[in-house]
Amino acid sequence: MSIRLYNTLTREKEEFKTHEEGKVSLYVCGPTVYDNAHIGHAMSSMVFDIIRRYLNYREYEVRHVMNYTDVDDKIIQRSLYEGVDPIELAERYINQYDQHIKDLNILPATVYPRVTTEMPNIITMISGLIEKDYAYEAGGDVYFRVLQDEDYGKLSRRKLEDMQSGDRIDIDERKESPMDFALWKSAKEGEPSWESPWGLGRPGWHIECSAMSLQHLGEQIDIHGGGNDLIFPHHENEIAQSESFSGKPFSTYWLHNGMVQLSGEKMSKSIGNLVTIGDFLEENDADVLRMMVLNTGYRSPLIYNSTVVEQSTKALERLKNGLRPAFETSAGADSGQLKSLEEQVSKTKEKFLAIMDDDFNSAGALGQLFDLVRMINQARDAGATADELSSGQNLLRELTGVFGLSLEKSATGQAEATPFIDLLIEVRKGLRVEKQWALSDLVRDQLKELGVLLEDNKDGTSWRWE
RNA sequence: GGCGACGUGGCCAAGAUGGAUAAGGCAGUGGUCUGCAAAACCUCGAUCACCGGUUCGAGUCCGGUCGUCGCCUCCA
């Protein structure tokens with residue numbers, strides 16, 4: 001059994017083969033840090049986090065690089081507007097994104113390179129491209145010579161002629177061809193700049209990823225990922241640069257996640273229809289967003305609205321409920337019931353792997369988890385003991401862990417309330433014995449107002465934080 | 001205009017190497033349990049945008065129509 005993944009380059013699912021046995025080099029394009037990140041960024045980071053966790057689970061060692069673009073037109077623009085130093089501005093948003101990564105329970109990348117710390121590598125690569133005739137200097141700028149690259153357009157499946165007939169490409173006198181793109185931009189007054197063989201300036205957007213990938217993962221990598229809005233021109237240009245430079249195929253697999261859609265449109269800064277990660281986490285648990293991501297194929301658009309958030313919250317709750325303990329009074333379930341559970345356990349694991357192996361079909365795999373939950377709940381209802389539930393619940397913990405779900409109870413910092421809640425439940429128990437329903441319901445209702453949910457079971461009353 | 005993706009029950013969504021009862025979640029129905037509530041369990045619902053074709057057989061392949069979305073300018 002092997003993993004198959006959809007490769008944008010070939011538009012087909014292919015068997016996953018790494019350059020080095022058991023090791024994966026993964027490069028994911030990170031954000032340009034000039035503003036608050038939104039849940040579209042979160043989705044992308046989460047998608048590749050899930051892929052990475054799964055690869056780990058399948059015993060691959062993953063070297064994961066995610067860059068921060070901290071030199072860019074937008075950053076400069078924003079810094080002028082705010083009157084702060086652009087590098088500091090970028091630093092601020094990098095720190096914020098780092099925090100988001102923690103909050104979203106995303107495994108940290110192996111390396112987080114930035115443009116500002118990779119300047120020598122970028123300049124070396126540009127020089128190399130000039131030497132090989134794939135690039136040329138023009139008045140302090142350096143451009144990539146697209147016509148020199150025979151298979152330019154292979155990722156996005158575009159032909160140069162088609163693009164040139166379009167009216168959206170800017171005509172620049174200094175370029176040999178309008179499709180040529182900047183590797184190095186000469187400095188303008190007041191912009192951050194670095195010394196280079198072509199004078200003061202800064203790198204173009206695409207070259208950084210090629211240079212960082214080369215520096216941290218080598219000439220040939222296994223997987224290159226990012227949002228599908230990066231296919232053209234960003235990734236197309238990366239391929240052009242990297243392959244022209246090394247003369248070898250750059251990334252074997254190109255994976256692209258779909259866009260988050262808000263009211264039928266892609267969530268983006270330019271449209272202004274965005275929900276920031278901060279906004280989201282103020283209202284919801286990180287697991288809720290992860291459930292939304294898991295429930296949709298990573299390549300498909302992720303529909304975002306309050307209904308979907310609510311649905312995911314409930315679904316998550318159901319998953320958590322599967323981990324609830326056995327009833328204390330349980331004496332054991334009958335053998336038929338236990339056999340069904342055991343069968344479900346082995347079936348779940350097997351299917352989970354097979355489904356995830358097929359292009360990381362998390363939505364399909366999630367369905368298996370819910371089947372397992374139902375069987376666990378059935379067994380619990382049938383009187384299974386904690387021990388009898390353990391294999392199912394352990395597997396559930398294991399596989400939700402592969403998904404990166406924490407399923408944590410959000411009881412943080414409220415532990416001191418526990419004795420009081422227990423006391424109230426004890427008092428209410430007395431009321432219930434006395435059949436003082438109005439009062440006992442009042443206790444329950446008031447506690448609910450405070451975020452404490454009481455549930456009366458055969459065993460007595462259990463409670464949890466909402 | 002060019003390139004690409006998609007259109008599955010009320011909502012989200014798997015399935016597309018053609019063939020088993022078209023997963024799963026949410027909401028809803030009717031039950032079980034319960035003083036009630038909650039949770040849980042059981043029960044009920046779609047022929048897969050439309051049209052035509054290939055085939056013994058198509059949600060799954062081909063062609064067309066309509067619709068939605070993305071990229072072609074910064075974008076996860």
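Per chain, numbering begins at 1; letters A, B, ... match sequence-line order. A quick note: this is a predicted structure, and the numbers were derived from the prediction, not measured.
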What is the pairing partner of B/G4, taking Watson-Crick or G-U wobble pairs with both distances under 3.5 Å in any strand? B/C69
Could a donor-acceptor pair under 3.5 angstrom be found where the side chain of A/Asn295 meets the base of B/G24? yes
Using modelled atom types and a 3.5 Å cut-off, is there a donor and acceptor pairing between side-chain atoms of A/Arg380 and backbone atoms of A/Met375? no
Nearest whole Å is fine: how far is B/U73 C1' from A/Leu230 CG? 14 Å
Will you find, in the side chains of A/Arg374 and A/Asn377, an N or O donor that is under 3.5 Å from an N or O acceptor? no
Candidate pair A/Gln77 and A/Tyr34, rule side chain to side chain contact (heavy atoms under 4.5 Å, CB included), full reasoning: CA-CA 9 Å; A/Gln77 224 173 56; A/Tyr34 69 98; over 6 Å; no
note: A/Asn228, atom CG; B/A76, atom P; distance rounded to Å ~ 12 Å
What is the separation between atom OH on A/Tyr152 and atom P on B/C72, rounded to the nearest whole Å? 12 Å
How far does the C1' atom of B/C6 sit from the matching atom of B/U65, given to the nearest Å? 16 Å
Among B/C71, B/A76, B/C74, find the nucleotide with the atom closest to the side chain of A/Arg158. B/C71
Identify, between A/Asp371 and A/Tyr6, the residue whose nearest nucleotide on RNA chain B lies closer to the 5' end. A/Tyr6
Decide yes or no, distance alone: a donor-acceptor N/O pair under 3.5 angstrom between the base of B/C69 and the side-chain of A/Gln261. no
Non-hydrogen side-chain atoms of A/Leu319 and A/Leu405 separated by less than 4.5 Å: yes
A side-chain contact here means heavy atoms from C-beta on lying under 4.5 Å apart; do A/Lys349 and A/Glu398 qualify? yes
Separation of the C1' atoms in B/A20 and B/G15, to the nearest angstrom: 14 Å
Please determine, for B/C44, whether a Watson-Crick or G-U wobble partner exists with both distances under 3.5 Å, and give it or none. B/G28
B/A49 to B/C11 separation - P atoms, rounded to the nearest Å: 14 Å
Is any side-chain N or O of A/Lys351 closer than 4.0 Å to OP1 or OP2 of B/A23? no
Between B/U73 and B/A13, how far is it from one P atom to the other, in whole Å? 29 Å
Under 4.0 Å, counting only non-hydrogen atoms across every strand here, what does A/Gly297 touch: a base, just sugar-phosphate, or nothing? sugar-phosphate
What is the base-pairing partner of B/C33, counting Watson-Crick and G-U wobble geometry with both distances under 3.5 Å? none
Is there a Watson-Crick or G-U wobble partner for B/A16 with both distances under 3.5 Å, and if so, which one is it? none
Need one value for A/His38: base, sugar-phosphate or nothing, where a base atom within 4.0 Å counts as base even if backbone is also close, heavy atoms only. base
Just by protein heavy atoms under 4.0 Å, how would nucleotides 35-46 of chain B read 5' to 3' in B, S and -? BBBBSSSS----
For A/Leu399 and B/G24, what is the distance between atoms CG and C1' respectively, to the nearest whole Å? 15 Å
Rounded to whole Å, the CZ-P distance (A/Phe403 to B/G24) equals 16 Å
Rounding to the closest angstrom, what is the interatomic distance between B/U32 and B/A23 at atom C1'? 26 Å
Please work out if A/Gly226 contacts a base, only the sugar-phosphate, or nothing of the nucleic acid, heavy-atom cut-off 4.0 Å. sugar-phosphate
Contacts of A/Arg299 and A/Gln368 projected onto RNA chain B by closest heavy atom; the upstream (5') one is A/Arg299
Looking at every strand, decide which applies to A/Val260 at a 4.0 Å heavy-atom threshold: base, sugar-phosphate, or nothing. base
As its Watson-Crick or G-U partner within any shown strand, both distances under 3.5 Å, B/G63 has B/C51
Could you give the CD-to-P distance, from A/Glu15 to B/U17, as a whole number of Å? 16 Å
Test item: side-chain donor near acceptor, A/Tyr298 and A/Asp359, under 3.5 Å: yes
Do the ring centers of A/His100 and A/His41 come within less than 6.0 Å of each other? no
Assess, by modelled atom type and distance only, whether the side chains of A/Gln344 and A/Thr348 contain a donor and an acceptor separated by less than 3.5 Å. yes
Quick one: A/Leu366 CG to B/G15 P, roughly how many Å, whole number? 13 Å
Could you tell me how far apart A/Phe370 (CZ) and B/A13 (P) are, to the nearest whole angstrom? 15 Å
Side chain A/Ser440, main chain A/Trp437, donor-acceptor under 3.5 Å: yes
